[in-house]
Amino acid sequence: MIDIKIVDVIIEKWNSDPDFVIEMMQDVQDEFRYIPKEALERISDRTDKPRGKLFHIATFYRAFSLEQRGEKEIQVCMGTACYVKGAPDVLAALERELGISSGETTPDGKFTLTEVRCLGCCGIAPVITIGNDVIADVKPSQVSNLISNYCKS
Amino acid sequence: MNTNAIDRLKTLLESSSDDTNDAPVILTVHLGTCGIAAGAGKTLETVKTTLASGSVQPIELRSSSCAGLCSYEPMVSVSRNGERPMMYLDVTEDKVNDLFDCIRGVKTAEECHLQIITHDDPFYLKQQTVVFINRGLIDPESLDDALASGAYKGLASILDNMDPAEVITEITKSGLRGRGGGGFPAGVKWSSCVSAAERTEGIPVIVCNADEGDPGAYMDRSILESDPHSIIEGMAIGAYAIGAEEGYIYIRKEYPLAMEILENAIRQARDRNLLGKGLLGTDFSFDLVIHRGAGAFVCGESSALMVSMSGMPGEPRSKYIHTVEYGYKGRPTVLNNVETLANVPRIITRGSKWFASMGTGDVSENPWNGSSGTKVFSLVGDVKNAGLVEIPMGITLREIIYDIGGGIPGGKEFKAVQTGGPSGGVLPADKLDLPVDFDTLTDAGSMMGSGGMVVMDNETCMIQIAKYFVDFLKDESCGKCTPCREGLVALGTILDRIISGDGRQGDIELLEEYGQNMCETSLCALGQTAANPVLSTIEYFRDEYEEHIRDGKCGALKCKALIEYHINAENCTGCTICARNCPADAIRGNLKEPHVIDQEKCIRCGVCREVCNFNAVEVL
């Protein structure tokens with residue numbers, strides 16, 4: 001069960017305005033690392049937006065997840081510049097290192113590995129983010145050390 | 001006519017806090033997203049600690065946005081006695097002491113292994129900054145800095161001296177065309193919005209499209225991060241011209257720093273009466289609301305963006321009626337891109353003639369007659385000086401890639417340049433002398449687009465590039481219309497089998513046929529252009545497709561199913577680094593003896609080649 005009061009605070013922050021349900025859902029996603037069913041229902045009740053519509057939004061936009069994501073999200077930028085500079089090899093290295101495929105979460109719930117469209121850091125490609133840190137010019141051989149550093153911290 | 005607004009702005013400027021301490025040396029740390037990723041935040045902290053120790057005073061420390069040369073971040077600019085700054089490259093935190101040694105003249109930059117460039121460097125010399133006039137110079141978090149650099153002068157002057165129709169005429173005469181890729185003349189769009197509002201009695205609204213979705217492009221992020229007030233001012237001028245009191249900025253959530261800077265700028269503008277009721281003491285009111293995107297490429301399309309702004313899934317509609325008539329919540333809506341809006345205040349303050357004098361064609365009578373002004377490009381990929389460049393329209397791809405970009409690194413050859421993002425195409429070496437403007441690149445089968453320019457060297461496989469864009473669009477297609485949704489899957493299947501060595505005779509023709517159908521029958525512009533990367537790679541690199549299908553070979557040595565990694569026994573010293581790093585445990589060999597790769601086990605990840613210090617790993 002989630003603390004529904006947190007959802008209420010978020011809905012209040014956006015004045016229960018149905019135009020801002022995407023923003024509310026982003027805040028919910030940031031808070032719980034997914035969109036819990038109860039939160040979706042609460043937003044629906046408070047904004048008078050049908051649940052089906054909210055579910056459509058939750059599955060339409062890439063930012064949302066209906067399953068809980070890991071404590072830290074690792075995003076591999078798959079923008080064109082990163083792709084040309086070897087991002088697919090970096091992604092493959094991360095998949096091997098974490099033992100999961102892109103889009104999955106490690107069994108211990110620590111990391112979720114995702115691909116992101118473009119982080120706009122094309123001048124220092126290939127780029128990944130771990131949590132809020134942006135890491136530039138990543139090479140497949142560095143991946144193992146990077147992950148173990150984050151495990152320690 | 002009164003002089004109210006200009007006077008008010010002068011008062012604001014005079015009341016600005018002047019916190020400069022007249023230090024002979026000004027040191028600026030550039031803190032754009034790229035810079036921070038490369039370690040600029042840590043550099044700034046170390047600089048602060050060093051300054052606090054008191055040993056190197058007097059120096060004034062400032063922070064500013066990206067200076068454009070992203071591949072050499074973190075960058076620090078040093079300006080002495082008001083002279084133009086020298087920019088130190090790659091100043092990571094461990095080099096801060098060296099930097100101070102250079103500033104004090106204890107050591108030369110060469111002795112400290114610090115690289116310096118100035119604005120006379122070829123990277124900057126061919127650029128012409130209009131949108132980026134303040135980049136790396138002002139603090140984007142300071143309204144005072146912006147005001148001192150002339151922000152809101154354009155707005156104040158139109159409020160005092162021009163009626164809305166005159167503003168529209170001025171923008172039309174400048175020839176300003178939409179920088180988001182469409183190239184529609186901004187003045188014409190504004191004028192149609194006014195007519196639509198009169199006809200339908202709707203209340204017009206202005207929207208800024210900051211949902212920069214093209215992969216490999218980050219011009220708008222940098223504009224927002226370096227000069228947010230130019231967007232606010234541009235929108236306010238646009239709103240005055242079309243009679244809107246409400247403005248919205250739709251910004252993608254992948255840009256947290258840009259969003260923070262923009263929110264801060266809006267708050268500051270409101271506090272100083274540059275937004276809100278009765279701007280600068282006049283009877284014109286205008287305010288802004290930010291909407292956050294949630295990671296959907298299609299939301300850059302006008303009709304999809306506007307439904308997304310109403311808290312709906314961003315699916316486009318067919319546009320028999322344009323959004324300028326029936327847009328956000330059915331109201332007449334002007335949607336302009338970030339870079340377009342950033343140009344508006346410059347045109348107002350310096351005049352349409354000045355703007356039209358840059359670029360190609362004579363646009364004074366007809367804005368469609370050329371491409372005036374400058375364009376910002378994100379010059380990235382396999383190029384030495386990767387970064388953001390602003391150039392006058394009409395210079396050639398060669399000048400951009402070789403003179404500004406410094407050519408291809410690592411002794412490799414140029415193969416192609418991809419422009420226009422997923423809607424654009426790739427252009428080969430014999431198109432390098434084409435001038436860059438709205439019309440020429442479209443004629444060549446690509447497009448200028450929003451400004452992504454990804455350079456590719458001879459180790460890039462064009463079929464994989466086509467597949468990359470098809471995969472991108474397949475994921476991002478909203479799924480509403482069949483040609484785009486199903487066509488992309490079909491293209492992907494065919495490209496997949498070509499890449500895995502199972503290509504069939506006739507596959508190229510099939511790709512062309514599907515592609516053509518998608519162009520002709522998709523609902524929105526994204527679907528209509530979705531096959532461009534495939535069609536343009538076939539047009540210019542047909543041989544490469546045929547080589548894959550006929551000979552089962554990938555000339556760029558990238559398609560994993562068609563290559564093998566081998567260790568050259570002559571170069572191999574038996575250092576074991578490859579065997580230790582191999583994730584598949586596929587490399588065997590004794591210490592100080594040549595190693596061998598087991599082809600059965602090898603997953604062709606390329607790690608051995610990356611870690612080998614003796615160039616012993618070859619791809620065949």
Side-chain angles (χ1 to χ4, degrees), chain A residues 14 17-27 29-30 47 49 53-54 56-64 75 77-89 92-93 96-97 115-125 127 129 132-137 139-144, chain B residues 33-34 36-39 69-71 73 212-218 220-222 253-256 258 291-297 308-315 378-382 386-388 418 421 452 454-456 460 465 468-469 472 475-476 478 581 583 603 605-607 610-611:
Chain A
W14 299 102
D17 186 340
D19 283 359
F20 288 89
V21 286
I22 294 174
E23 278 84 353
M24 291 173 205
M25 286 164 69
Q26 283 178 7
D27 289 350
Q29 173 78 40
D30 289 345
T47 60
K49 205 121 176 158
K53 271 269 180 285
L54 295 185
H56 190 172
I57 292 171
T59 50
F60 184 88
Y61 292 97
R62 187 169 281 275
F64 303 126
Q75 296 182 315
C77 180
M78 278 286 169
T80 320
C82 287
Y83 183 86
V84 169
K85 294 276 216 169
D89 290 335
R96 285 195 303 270
E97 187 63 31
E115 293 163 54
V116 61
R117 281 318 175 197
C118 183
L119 293 164
C121 295
C122 319
I124 47 176
V127 170
T129 62
N132 294 321
D133 300 338
V134 184
I135 302 158
D137 202 6
K139 296 191 172 52
S141 59
Q142 298 170 339
V143 160
S144 187
Chain B
T33 297
C34 303
I36 293 170
L69 195 47
C70 310
S71 48
E73 298 275 12
E212 188 172 43
D214 279 3
Y218 59 111
D220 296 348
R221 168 174 75 68
S222 189
K253 77 173 266 296
E254 287 86 347
Y255 289 171
H291 270 288
R292 279 190 267 167
F297 175 70
S308 177
M309 272 169 48
S310 323
M312 307 277 273
E315 289 171 358
S378 71
L379 179 62
V380 294
D382 298 316
L388 285 172
Q418 206 281 339
V454 186
V455 182
M456 300 169 192
T460 316
I465 292 300
Y468 162 79
F469 282 110
F472 177 94
D475 275 3
E476 295 296 337
C478 77
N581 279 280
I603 55 169
C605 66
V607 168
E610 183 204 319
V611 295

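Here the structure is a predicted model, which is why all the values come from computation and not from measurement. Both backbone and side-chain heavy atoms feed into the values below; hydrogens, waters and symmetry mates do not. A note on names: the letters A, B, ... follow the listed sequences, proteins ahead of strands, and every chain is numbered from 1.
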So B/Asp475 and A/Arg62, side-chain contact (heavy atoms from CB on, under 4.5 Å) or not? Walk me through it.
CA-CA 10 Å; B/Asp475 275 3; A/Arg62 187 169 281 275; 3.6 Å; yes

Given side-chain contact (heavy atoms from CB on, under 4.5 Å), test A/Asp89 with B/Glu610 step by step and report yes or no.
CA-CA 11 Å; A/Asp89 290 335; B/Glu610 183 204 319; over 6 Å; no

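Options B/Pro313, B/Gly213, B/Gly295 differ in how many heavy-atom pairs under 4.5 Å they form with chain A, and the most are formed by B/Pro313. For the set B/Ser71, B/Ser310, B/Cys478, the entry with the most heavy-atom pairs within less than 4.5 Å of chain A is B/Ser310. Listed options A/Ala125, A/Ala58, A/Gly79 were ranked by heavy-atom pairs under 4.5 angstrom with chain B; first place goes to A/Gly79. Listed options B/Asp382, B/Val611, B/Asp220 were ranked by heavy-atom pairs under 4.5 angstrom with chain A; first place goes to B/Asp382. Of all the listed residues (A/Ala63, A/Gly86, A/Gly120), the one sharing the greatest number of non-hydrogen pairs under 4.5 Å with chain B is A/Gly120.
With hydrogens and angles disregarded, no donor-acceptor distance shorter than 3.5 Å links the side chain of B/Tyr218 to the backbone of A/Cys122. Although no hydrogens or angles enter the test, the distance criterion places a donor-acceptor pair under 3.5 Å between the side chain of A/Thr80 and the main chain of B/Pro215. Side chain of B/Lys253 to main chain of A/Gln26: no donor-acceptor pair is present (N/O by atom type, distance under 3.5 Å, no hydrogens or angles). Looking at A/Tyr61, its side chain never comes within 3.5 Å of a backbone N or O of B/Gly293 through a donor-acceptor pair. With hydrogens and angles disregarded, a donor-acceptor distance shorter than 3.5 Å links the side chain of A/Glu23 to the backbone of B/Arg292.
At a threshold of 4.5 Å between non-hydrogen side-chain atoms, the residues A/Val134 and B/Ile36 do not count as touching.
When all heavy atoms are compared, the tightest approach of B/Val607 to A/Pro140 is CG2-CB, 3.9 Å. Between A/Ile124 and B/Cys34, the shortest heavy-atom contact is CD1-O, 3.6 Å. Of all heavy-atom pairs spanning B/Ala296 and A/Phe60, the tightest one is CB-CE2, 4.0 Å. When all heavy atoms are compared, the tightest approach of B/Thr460 to A/Val84 is OG1-CG1, 4.4 Å. For the residue pair B/Gly216 and A/Cys118, the shortest heavy atom distance occurs at N-SG, 3.3 Å. In plain terms, the two heavy atoms of A/Ile22 and B/Ser308 that are nearest each other are CD1-O, 3.5 Å.
In this structure, no portion of B/Phe297 lies under 4.5 Å from any heavy atom of chain A. Interface remark: B/Arg221 contributes side-chain atoms only to the contact with chain A (heavy atom separation under 4.5 Å). Within the 4.5 angstrom heavy-atom criterion, no atom of B/Ser378 approaches chain A. The contact between A/Pro18 and chain B is made entirely by backbone atoms, counting heavy-atom distances below 4.5 Å. With a threshold of 4.5 angstrom between heavy atoms, B/Ala294 approaches chain A through its backbone and through its side chain. Using a 4.5 Å cut-off between heavy atoms, A/Lys85 touches chain B through its side chain atoms alone. Neither the backbone nor the side chain of B/Ser222 comes within contact range of chain A; no heavy atom of the residue lies under 4.5 Å from a heavy atom of that chain. Interface residue B/Glu476: only side-chain heavy atoms are found under 4.5 Å from chain A. Proximity to chain B (any heavy atom under 4.5 Å) is shown, for A/Arg117, by both the backbone and the side chain. Neither the backbone nor the side chain of B/Leu379 comes within contact range of chain A, judged by heavy atoms closer than 4.5 Å. Neither the backbone nor the side chain of A/Val127 comes within contact range of chain B; no heavy atom of the residue lies under 4.5 Å from a heavy atom of that chain.
Here the SG-OH distance, from A/Cys121 to B/Tyr255, works out to 8.5 Å after rounding to the nearest 0.5 Å. The structure places NZ of A/Lys49 at 5.5 Å from CE of B/Met312, a figure rounded to the nearest 0.5 Å.
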